[in-house]
Amino acid sequence: MFAIQVQGLTKAFGDCVANDQVTFSVKKGSIHGIVGENGAGKSTAMKLLYGLYKPDSGSIVMDGKPRQWRTPADAISAGIGMVHQHFMLSETETVLDNLILGVEKTAALGKINRKQIEKDLMALSQKYRMPLNLSARISEIPVGLQQRVEILKMLYRGAEFMILDEPTAVLTPQEIEELFRNLLELKKEGKTILIITHKLREVMAITDRVTVFRAGKVEGDLETKDTSVQDLADRMVGRRVHLTIGGDHPEDSKLGHTPRSGGGSLRPALEIKGLGLLRPGESKPRLDSIHLTVSPKEIVGIAGVEGNGQSELIQAIFHPNNPRHRSSGQISILGQDIQAFDTQAIKELGVGWIPEDRHKEGLLLQKSLRENFLLGQTRREQFCKNGWIRWNSVDASLKQGMEDFDVRPRNIHALAGGLSGGNQQKLIIARELDRRPNFLVVAQPTRGVDVGAIEFIHRRLVGLREEGAGILLISSELDEILALSDRILVMYSGKIVAEFARGEVDAMKLGVKMGGGHG
Amino acid sequence: MNLDSLLDFSSAVLRGMTPILFAALGGYLSERSGVINIALEGMMLIGSFFGVLAALSFHGSGAPWMGFLAAGVAGGIFAALYGLFVIRYRANQIVAGTAMNLLAAGLTPFFCKIVFDSTGNTPSLPLEDRFQYFPMFLSFGLAFGLHWMSRQTPMGLWISFAGENPAALATAGIRVNRLRTWAVIASGVLAGWGGASLSICLSSSFSRNMTAGRGFMALAALIFGKWRPLPAMGACLFFAISDTVQMRLQGVPVFGGQPIPVEFIQMIPYVATMLILAGWVGQSRAPKSLGLPFHQG
């Protein structure tokens with residue numbers, strides 16, 4: 001018995017065929033995974049299912065009948081619900097108001113009947129064992145609960161078929177476990193769940209069946225028990241992928257050995273003493289007496305749920321002279337006290353910065369690759385002399401960088417906004433590494449980046465360390481932290497709450513620390 | 001200060017706050033739904049002219065009511081034009097708003113010239129064709145009504161979602177741009193009434209550029225009031241007090257019998273506005289999607 005059958009769905013945007021004869025079926029009461037690289041057509045397929053796009057050909061069959069949606073409202077009334085990757089919530093409103101948006105029950109004078117609604121919602125959240133404080137504002141509850149609001153929102157609208165787009169991207173390991181418990185509960189109640197993700201281990205853990213997308217086509221439709229993480233990764237990319245560096249790849253023998261403190265006289269790449277940040281009008285410090293050292297030839301990983309001070313830490317390192325970003329403490333980089341330095345001066349010390357939000361801080365999306373490559377490098381005489389830009393030299397370095405870092409397409413005049421996430425990130429890395437930094441700050445280097453590119457980026461970071469640079473790695477991906485770091489620090493609520501050497505800790509233990517626990 | 005002068009002062013303050021209160025409430029609807037509205041000033045000006053025009057034409061037969069009606073309609077139509085630019089065609093809201101203000105500043109004397117053969121003033125309305133207190137009570141009632149609406153009705157919820165996370169509203173099946181258009185039109189109606197309270201209640205004629213920045217003060221009051229109706233009303237009250245004080249202080253001798261030059265006295269409300277905005281805006285959080293056009297689908 002199938003909840004939904006997708007038959008030969010095709011959708012093209014101009015010349016680009018985003019979905020080509022996509023066919024798969026989802027069993028009623030099952031959890032079905034959809035995996036694929038960015039741009040493989042997963043999102044397009046989901047938008048077709050949810051009525052946000054109309055297919056060029058092919059059909060969606062529900063309960064044996066072909067169906068057509070004019071708008072998402074049609075899909076919703078047929079019992080399809082979707083939790084988008086970016087939550088569709090208003091932070092300033094209460095949980096209750098977010099849950100009822102668009103389906104408000106009203107009493108006399110058009111007044112929202114909150115009492116009655118509250119009763120209904122309490123019953124619903126009890127039935128599915130997803131407790132929530134209905135009167136809290138969204139901004140006051142953690143991301144895991146915000147996601148729960150989204151799931152209950154679907155249930156309140158009577159959804160039988162639920163699509164979850166990258167549901168675990170923003171959760172801690174504990175929250176992920178909680179989510180999976182909830183999903184299994186829903187499955188027991190007979191709901192059908194379609195889960196889109198790039199985390200293959202989770203697919204293996206929770207799904208019954210999985211469909212692999214590659215380049216707009218369905219590459220495989222498998223029983224989960226008949227496949228493996230490696231098999232799925234290979235199908236997604238279309239070649240053999242080395243999932244964890246440290247495996248059978250020849251370069252990986254360098255990995256994982258403890259930091260060489262052989263050159264004991266070497267100045268630390270980064271030394272932070274008692275760094276604090278308390279903004280006026282705020283009662284809690286955003287950074288609380290942070291002590292931190294990064295040695296040359298060392299990768300220090302900072303694990304933590306987003307919003308626990310990681311962004312503030314990076315901003316303090318690059319804007320130490322701005323009281324909005326640093327209120328106390330000392331920072332020195334490569335032996336220099338940088339207290340009075342501005343960002344430009346800091347970068348001229350030989351510091352690279354790969355920012356966490358490549359769209360906001362890393363690139364100008366409306367500008368060409370060559371302009372983006374020059375960004376922040378105009379003080380280098382090689383690129384600018386006497387007020388003139390030496391485009392020949394810029395282009396030569398860029399071409400070399402694009403070659404080294406496999407940035408595609410190899411067109412220096414292409415707009416940065418037209419590149420895939422992985423290629424944008426590789427361009428930034430090429431730029432920041434072009435000046436051979438001795439110290440590199442890397443935040444979320446592989447967010448929204450394909451499996452193939454992740455492998456590549458990780459290898460490059462390790463390579464840079466081998467050349468002697470110190471690297472501060474900030475990531476909410478535990479696998480990444482565990483794979484790359486020589487030392488791991490955990491940030492929680494503006495403090496560093498734990499420190500581990502490589503191999504001393506696993507994801508579960510880190511997760512507890514990240515949630516502020518004392519496990 | 002005796003009781004009589006206190007009553008007199010209070011009545012002047014409450015009547016005086018009516019125009020900016022109307023405009024601030026209009027601004028509330030538009031801005032909470034996500035559309036910046038610096039065109040309030042122009043909408044008020046349009047309302048003040050058409051209010052007088054209609055009141056003069058209906059002399060003796062419900063003139064002030066007709067004036068108010070016309071001011072609301074004219075303000076609404078003017079706002080619809082603004083909505084067309086910024087919602088349908090996604091023009092920059094600051095630029096389009098400024099253009100609307102310039103348009104209103106030019107159109108009103110132009111119409112005035114056509115109808116009354118003077119670009120400066122319209123003829124005066126006789127007392128019986130003017131309002132005394134009605135606009136004031138209406139504006140107070142509206143403030144409480146909008147407060148109730150914002151918290152208790154689906155419409156209030158939708159408006160605040162439109163300004164915070166319009167995509168969430170769209171996925172809940174409500175058309176964001178249609179909602180915003182109506183909110184902008186309603187803001188024009190209210191701002192038009194604000195203008196009419198100026199011309200057919202507080203004074204007796206339209207004069208060129210008679211709003212003199214009140215639309216902007218309404219916007220300041222709205223921001224000061226954290227984009228909520230009742231606190232915005234409080235801010236309007238504060239501005240009205242400083243304005244009334246300003247008028248009473250003109251020509252009053254201080255410092256050894258010399259009056260303070262009137263130019264300095266007249267600065268009081270504007271200086272108060274600046275101080276308040278500089279001191280408070282940091283703590284006031286704008287709707288997240290304010291000023292961002294929404295792309296449907």
Side-chain angles (χ1 to χ4, degrees), chain A residues 46-47 50-54 69-77 80-94 96-115 117 137-139 146 149-150 153-154 156-157 159 163 165 279-282 324, chain B residues 28 31-34 141 144-180 182-183 223 225-229 231 278-290 292 294-297:
Chain A
M46 294 312 115
K47 283 180 175 157
Y50 194 60
L52 285 164
Y53 294 156
K54 275 184 207 144
W69 323 129
R70 274 167 299 136
T71 63
D74 290 347
I76 293 169
S77 62
I80 297 180
M82 182 157 175
V83 175
H84 299 260
Q85 192 175 358
H86 302 284
F87 296 154
M88 294 296 174
L89 301 171
S90 163
E91 299 221 316
T92 52
E93 308 299 325
T94 62
L96 184 137
D97 286 354
N98 273 282
L99 281 167
I100 63 173
L101 182 70
V103 288
E104 304 89 353
K105 287 195 181 108
T106 52
L109 288 171
K111 183 175 188 282
I112 299 175
N113 192 349
R114 288 205 169 83
K115 280 230 176 70
I117 291 168
R137 288 185 196 286
I138 295 295
S139 58
Q146 292 180 7
V149 174
E150 286 280 36
K153 208 163 127 185
M154 293 192 293
Y156 189 61
R157 284 158 181 70
I163 304 168
D165 190 3
R279 291 204 181 139
E282 294 181 350
R324 252 194 92 66
Chain B
Y28 157 77
E31 299 229 328
R32 273 311 277 270
S33 80
F144 286 98
L146 285 176
H147 169 76
W148 187 82
M149 182 212 73
S150 75
R151 309 176 79 94
Q152 300 295 350
T153 66
M155 183 57 75
L157 202 56
W158 299 348
I159 287 175
S160 80
F161 265 85
E164 279 295 320
N165 188 350
L169 193 64
T171 53
I174 288 142
R175 298 193 198 184
V176 174
N177 285 339
R178 181 185 289 188
L179 183 82
R180 284 182 170 179
W182 283 111
I223 296 170
K226 305 190 176 183
W227 284 271
R228 290 197 304 245
W280 284 78
V281 165
Q283 296 164 37
S284 185
R285 188 185 151 282
K288 219 180 224 157
S289 301
L290 181 60
L292 304 176
F294 182 70
H295 298 250
Q296 219 130 20

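Labels below follow one simple rule: chain letters A, B, ... track the order of the sequence lines, proteins then strands, and each chain is numbered from 1.
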*What residue in A:Val103, A:Asp97, A:Asn113 has the most heavy-atom pairs under 4.5 Å with chain B?*
A:Asp97
*Of the non-hydrogen atoms in B:Trp158 and A:Gly102, which two are nearest, and what is the gap between them?*
NE1-N, 3.9 Å
*asked:* Once rounded to the nearest 0.5 Å, what's the spacing between atom OG1 of A:Thr106 and atom CE of B:Met155?
replied: 12.0 Å
*Contact part of A:Phe87 toward chain B, heavy-atom cut-off under 4.5 Å: side chain, backbone, both or neither?*
backbone
*Taking the side chain as every heavy atom from C-beta outward, state whether A:Pro72 and B:Thr171 have any atom pair closer than 4.5 Å.*
no
_Does A:Arg279, at its CZ atom, have more than 12 non-hydrogen atoms belonging to other residues, nucleotides or ligands within less than 6.0 Å?_
yes
*For the side chain of B:Asn165 and the backbone of A:Leu89, is there at least one donor-acceptor N/O pair under 3.5 Å apart?*
yes
*Are any of the side-chain heavy atoms of B:Gln152 and A:Leu109 separated by less than 4.5 Å?*
no
*Measure the CD-CD distance between A:Glu93 and B:Glu164 for me, rounded to the nearest 0.5 Å.*
7.0 Å
*If you count heavy-atom pairs under 4.5 Å between each of A:Lys153, A:Met82, A:Arg157, A:Lys111 and chain B, which one has the most?*
A:Lys111
_For A:His86, which atoms come within 4.5 Å of any heavy atom of chain B: side chain, backbone, both, or neither?_
neither
*Locate the shortest heavy-atom distance separating B:Pro154 from A:Gly110; write the atom from each residue and the value.*
CD-O, 3.4 Å
*Measure the shortest side-chain to side-chain distance between A:Leu101 and B:Leu169 over non-hydrogen atoms and say whether it is less than 4.5 angstrom.*
yes
